[in-house]
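Here is the structure we will look at.
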Amino acid sequence: MSTVHEHTDHDAHAQAAPPPPRTGVRRLMAPGWVRATWMTALFASLGFGLVAGIRALAGWDPVVDWEPIITVAFLTAAPFGFLSGLGAFDYWLAWAFGKPTRPDDHSGHGAKRWNDYFRINTDHKVIGVQYVVTTIFFFLAGGMMAMLVRAELATPEADFVDPQTYNELFTAHAALMIFLFVIPAFAGLANYVLPIMIGAPDMAFPRLNALSYWLLPIAGIMMLSSFFFPGFGAGWTNYAPLSVEQPFGNIFFTMAVQWAGASSIATALNFLVTIITMRAPGMTFWRMPLLVWANFTTSLLVVIATPFIAGSQFFVTFDKLMHTHYFDVQGGGYALGYQHIFWFYSHPAVYIMMLPGFGIASEVISAMSRKPIFGYRLMALSLIAILILGFSVWAHHMFVAGMATWLRVPMMITTLLIAVPTGIKVFSWLATTWEGKINFATPMLWALGFVSMFVIGGLSGIFLGAVPIDIHASDTYFVVAHIHYVLLGGSLFTIFAGFYYWFPKMTGRMYNETLGKLHFWLTFVAFNVTFFPMHIIGVQGQPRRVYTYEDQFSEWNIVISIASFVLGASFLVFVYNMIVSWARGAPAPANPWRALTLEWQVSSPPPIFNFDEIPQVVGNPYEYGVPGAKHAILSGDRDATTEEVRR
Amino acid sequence: MRAGALIRLIVVALLFAAGATAVAIFIPWLPEQSSKEAERIDFVFWFVTAICIAIFSVVAAITMYSVVKFRAKPDDDSDGPPIHGHTGIEIAWTAVPLVLVIAMIIVSSVALAQNESVPDDALRVEVWGQQFAWTFLYPPEGKDPGEDNMACVKRDEAIMEDGCKASANLQLPVDRSTRLYLSARDVIHSFWVPEFRQKQDAVPGMTTEITVTPTKTGSYRLICTELCGLGHSLMRTRAIVVSAADFQRWLSSRATPGGMS
């Protein structure tokens with residue numbers, strides 16, 4: 001921990017004189033948006049030259065073939081140019097070339113002006129805010145696509161968009177929500193609070209942290225621009241061989257996933273190393289807050305599983321561009337192979353999108369009920385159980401896919417067994433509220449809303465886990481209802497619980513409580529009216545991913561569509577609340593929730609390296625109601641408690 | 001917990017159970033039940049529903065009770081009692097769900113095994129999915145599709161064997177099991193007749209199988225449920241169930257076309 005003290009000693013001197021104004025060539029060469037612009041163009045040209053050059057040398061016709069050129073120049077090389085120009089690689093390149101590096105100037109820490117958020121910044125708190133704001137942007141974009149889908153489905157006839165656009169809308173909606181909202185929003189919240197929670201001054205690899213954030217907008221812009229190149233209309237699952245025979249634009253998804261996946265893996269590695277090596281003295285594993293446990297297990301899932309989706313999308317790219325035959329039956333390929341590889345990531349991904357939410361719910365429910373988490377160790381162990389079982393259930397997405405029939409019953413057994421650790425968590429949250437002194441502030445509403453909606457999503461999951469029922473309900477609106485109860489009622493509700501809970505810490509200002517509650521109730525009611533009827537029309541026979549349906553479903557569908565627009569509108573309340581409160585809200589105290597975890601023991605927002613001195617952890621994080629219990633001793637109260645520490 | 005609290009909790013749980021049961025009974029959930037397989041699947045459906053209503057009622061009652069009863073007074077800044085856990089309760093809420101899960105696994109497995117069985121006298125039909133239409137082929141006696149390849153159209157060619165009869169809708173005799181052998185020409189499609197409850201993907205390069213035993217004559221929706229391209233929403237036909245005699249008459253009246261488009 002010596003480096004840590006070095007940091008804090010320098011802290012006071014870190015505010016170095018502002019860099020001299022840059023002009024001319026210096027401005028072009030300095031890391032930033034100017035250099036990013038010309039380096040993006042330069043790298044794109046190099047990519048163009050590489051492909052055209054190889055094709056000319058090989059004698060292939062035409063030399064300028066736009067499909068490989070777009071893939072290599074614009075989807076691969078240009079983003080590297082952008083990142084280099086912005087300065088993501090400056091330190092590593094300087095080190096690699098033996099040039100002097102500047103490890104201690106901390107110029108990449110903290111944000112003093114709004115435009116500091118548009119730079120490479122190595123401060124985990126700045127990166128956390130970057131993540132959160134970016135993911136809210138893509139959340140709103142993905143939400144608008146969902147409303148366009150519902151506009152088409154308001155009537156049984158195909159009358160709003162053409163079939164290709166329709167397929168692209170529901171595909172991009174899912175892809176953005178999963179890869180650009182739920183997964184990175186959790187990463188962003190954890191980026192901000194996790195290092196403080198374990199008593200660390202920053203993440204283990206701050207420069208890697210900055211790089212992982214900047215990979216994200218690249219992936220998002222690629223997915224959005226797929227609308228200009230038709231072809232990403234095979235569902236977010238992008239099943240081969242349909243994806244292979246889609247128009248060229250499908251590549252925008254298969255490549256965007258690589259960038260988003262790289263971001264995910266880098267962040268997960270960073271969390272793992274941070275949690276393992278940077279816990280404050282006394283912060284044993286059994287004293288870690290459950291959010292830390294949740295991100296520890298999530299990160300393990302990410303590093304093990306994510307390479308599989310990268311692989312599956314590379315195979316599709318190769319099949320499309322280089323005419324390999326991974327999934328092409330005529331060439332000896334195996335069509336079902338795609339689904340096995342894809343779901344080996346995408347089922348664990350369901351838990352990647354859920355476990356951090358479990359962590360947030362635990363923090364909020366304990367602090368707002370003024371009671372210790374019920375069964376803390378079993379809560380942590382059930383996360384581990386979900387992590388292990390999560391890798392043994394992928395084929396439950398394939399009960400009707402034609403895979404080996406003997407595989408169905410074992411997969412059903414593991415799938416339903418996951419209900420046990422998940423049930424333990426739900427019961428423990430409820431037991432935590434029992435006999436508590438519940439404060440129904442906005443974060444608690446979202447957390448309790450999550451528990452109740454997640455129960456419904458979990459129960460519909462049992463229907464889908466039972467093979468005979470799944471054979472009937474698979475690929476119907478019942479599945480659409482189920483995923484939205486777990487991903488919207490589950491993940492999204494916990495993300496909002498987290499946004500509201502840590503908003504005072506992140507911005508130093510309080511949000512408007514009345515608007516927060518209004519947002520919750522609007523969302524909660526509209527969500528249920530939107531998604532509960534989907535269970536019914538699903539088992540009655542409306543398949544998913546269709547733009548037209550039988551007249552018998554029209555009544556429910558118009559109800560669903562209207563409710564979905566209310567649901568969409570409810571997020572405007574959230575956006576308004578966040579913007580106005582960030583600008584003009586009342587200053588937040590250090591600990592508005594009287595919580596015991598470490599991030600609430602420092603100022604709001606926290607100082608640049610989080611702590612004046614690394615805290616000494618002396619107890620568990622949820623000792624509400626225990627007389628004289630202490631989670632940690634910070635430098636401020638060290639004098640008063642020296643005796644206590646000695647004892 | 002005091003006895004009064006327990007009684008109130010049970011009353012609230014029963015109210016939730018009554019509400020959920022009403023939703024289960026009064027909303028027409030499942031479509032008409034028109035096959036033996038559907039009877040077994042529906043049994044599993046209602047078995048799981050009953051268990052889920054029980055779990056939902058308990059959880060909803062505790063949530064509702066907590067929310068109403070344990071609300072902090074406006075200026076009460078005190079903490080709740082420091083209860084860290086209770087080994088007995090924790091074992092109970094691990095063991096009880098485990099037992100329920102095992103029960104559901106057993107019921108599901110039995111139903112699945114029964115629905116997978118193929119009687120010797122089963123009619124055998126080849127099902128081909130192709131963007132965006134279904135073709136049903138009826139092989140002549142003694143020529144059965146197998147796991148490795150089809151009887152009427154080999155997977156890698158488009159030439160139909162002699163004696164096979166083709167149809168654009170699925171004609172089936174009532175009260176007799178039919179084993180469907182599915183494959184696809186281009187991308188993955190999925191065969192679904194909601195009234196039969198049976199669904200199976202048709203995958204290029206593979207033969208997948210499923211059994212249906214219609215119990216009622218009639219004409220039913222036959223839907224492609226795997227996204228297969230722009231025409232996916234329109235890839236629909238009918239499954240027509242007729243008496244055994246009518247089926248034989250229909251089959252013998254079909255010409256045997258020479259090739260498959």
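To find a chain, count down the sequence lines: A is the first, B the second, and so on, and within it residues start at 1. Just the heavy atoms: all of them, side chains too, but no hydrogens, waters or symmetry mates, feed the values below. A quick note: this is a predicted structure, and the numbers were derived from the prediction, not measured.
At a 4.5 Å heavy-atom cutoff, I102(B) makes no contact with chain A through either its backbone or its side chain. For V329(A), the part lying near chain B is the side chain, with the backbone staying farther off; criterion is any non-hydrogen pair under 4.5 Å. In this structure, chain A has heavy atoms under 4.5 Å from both the backbone and the side chain of D77(B). For chain B, the nearby parts of V539(A) are the backbone and the side chain; heavy atoms of each come within less than 4.5 Å. The contact between V426(A) and chain B is made entirely by side chain atoms (from C-beta outward), counting heavy-atom distances below 4.5 Å. Contacts of E116(B) with chain A are made by side-chain atoms alone, with heavy-atom separations under 4.5 Å and no backbone atom involved. Of the two parts of I83(B), the backbone and the side chain both hold a non-hydrogen atom closer than 4.5 Å to a non-hydrogen atom of chain A. Within the 4.5 angstrom heavy-atom criterion, no atom of S382(A) approaches chain B. Residue contact with chain A, scored on non-hydrogen atoms closer than 4.5 Å, is absent for T87(B). Proximity to chain A (any heavy atom under 4.5 Å) is restricted, for T208(B), to the side chain, taken from C-beta onward. With a 4.5 Å cut-off on non-hydrogen atoms, V23(B) touches chain A through its side chain but not through its backbone. Only the side chain of R236(B) comes within less than 4.5 Å of a heavy atom in chain A; its backbone stays farther off. Proximity to chain B (any heavy atom under 4.5 Å) is restricted, for F170(A), to the side chain, taken from C-beta onward. For chain A, the nearby parts of L98(B) are the backbone and the side chain; heavy atoms of each come within less than 4.5 Å. Only the side chain of Y334(A) comes within contact range of chain B, with heavy atoms under 4.5 Å apart. Contact annotation for F191(B): neither backbone nor side-chain heavy atoms come within less than 4.5 Å of a heavy atom of chain A. Using a 4.5 Å cut-off between heavy atoms, E32(B) does not touch chain A at all.
Per-residue heavy-atom pair counts under 4.5 Å with chain B were compared for G465(A), P163(A), P241(A), and the maximum is reached by P241(A). With chain A as the partner, the residue from H86(B), R221(B), H232(B) showing the most heavy-atom pairs under 4.5 Å is R221(B). Put simply, of T49(B), D186(B), L234(B), N115(B), the one with the most heavy-atom pairs under 4.5 Å next to chain A is T49(B). For the options L448(A), V626(A), I537(A), heavy-atom pairs under 4.5 Å to chain B are most numerous at V626(A). In terms of non-hydrogen atom pairs under 4.5 Å with chain A, the most contact-rich of A202(B), C228(B), G85(B) is G85(B). Of the listed residues (Y549(A), Y624(A), F440(A)), the greatest number of heavy-atom pairs within a distance under 4.5 Å of chain B belongs to F440(A). For the set A184(B), P82(B), P194(B), the entry with the most heavy-atom pairs within less than 4.5 Å of chain A is P82(B). The most heavy-atom pairs under 4.5 Å with chain B, out of A466(A), S474(A), A629(A), come from S474(A). Chosen from R544(A), M403(A), R408(A), the residue pairing most often with chain B at heavy-atom distances under 4.5 Å is R408(A). The residue among P468(A), A240(A), G538(A), A158(A) with the most heavy atom pairs within less than 4.5 Å of chain B is P468(A). The residue among A60(B), A38(B), P28(B) with the most heavy atom pairs within less than 4.5 Å of chain A is P28(B).
Listed by chain and number, the residues in a salt bridge (charged side-chain N to carboxylate O under 4.0 Å, His left out) with K69(B) amount to none (sequence neighbours excluded). Under the ring pair (Phe, Tyr, Trp, His ring centres under 6.0 Å) criterion, F454(A) pairs with F358(A), F450(A), not counting sequence neighbours.
Using the six-membered ring where Trp is involved, F70(B) and W434(A) have ring planes that are perpendicular, over 60° apart on the 30 and 60° scheme.
No side-chain donor-acceptor contact under 3.5 Å links H472(A) and Q198(B).
In this structure, the side chains of S109(B) and M412(A) come closer than 4.5 Å at one or more pairs of heavy atoms. Taking the side chain as every heavy atom from C-beta outward, E90(B) and I424(A) never approach each other to under 4.5 Å. Side-chain contact between I471(A) and Q200(B) is absent, with no heavy-atom pair separated by less than 4.5 Å. Contact check for I438(A) versus V67(B): no side-chain heavy atoms found under the 4.5 Å cut-off. Annotation: side chain of F427(A) is in contact with side chain of P97(B) (closest heavy-atom distance under 4.5 Å). At least one side-chain heavy atom of E226(B) sits under 4.5 Å from a side-chain heavy atom of D475(A). Between Y239(A) and L227(B) there is no side-chain heavy-atom pair separated by less than 4.5 Å. Residues P543(A) and I223(B) meet the side-chain proximity criterion, which asks for heavy atoms closer than 4.5 Å.
In this structure, CD1 on I462(A) lies 4.5 Å from SG on C52(B), to the nearest 0.5 angstrom. R370(A) CZ to S78(B) OG: the interatomic distance, rounded to the nearest 0.5 Å, is 9.0 Å. With rounding to the nearest 0.5 angstrom, the CG atom of N439(A) is 10.5 Å from the CG atom of D76(B). In this structure, CG in D79(B) is found 6.5 Å from CZ in R594(A), a value given to the nearest 0.5 Å. The CZ atom of F43(B) lies 11.0 Å from the CD1 atom of I469(A); values are rounded to the nearest 0.5 Å. Of the inter-residue distances, the one linking T476(A) atom OG1 with K199(B) atom NZ reads 5.5 Å to the nearest 0.5 angstrom.
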Pair Q131(B), L242(A) - check side chain to side chain contact (heavy atoms under 4.5 Å, CB included), show working. CA-CA 11 Å; Q131(B) 288 168 329; L242(A) 180 64; 4.1 Å; yes

Quick one, I188(B) with Q339(A), criterion side chain to side chain contact (heavy atoms under 4.5 Å, CB included). Give me CA distance, side-chain angles, the key distance, then yes/no. CA-CA 11 Å; I188(B) 299 171; Q339(A) 294 176 37; 3.2 Å; yes

Determine, step by step, whether T548(A) and S233(B) satisfy the side chain to side chain contact (heavy atoms under 4.5 Å, CB included) criterion, reporting the C-alpha distance in whole Å, the side-chain angles of both residues, the deciding distance to 0.1 Å, and the verdict. CA-CA 6 Å; T548(A) 175; S233(B) 307; 3.6 Å; yes

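Looking only at distances, no side-chain donor or acceptor of Q540(A) sits under 3.5 Å from a matching main-chain atom of P31(B).
The heavy-atom pair separating V203(B) from A335(A) by the smallest distance is CG1-CB, 3.8 Å.
The number of heavy-atom neighbours closer than 6.0 Å to CH2 of W406(A), taken from other residues, nucleotides and ligands shown, is 12 or below. Within a 6.0 Å sphere centred on CD of E555(A), other residues, nucleotides and ligands contribute 12 heavy atoms or fewer.
For F478(A) and W29(B), the distance between ring centers is not under 6.0 angstrom.
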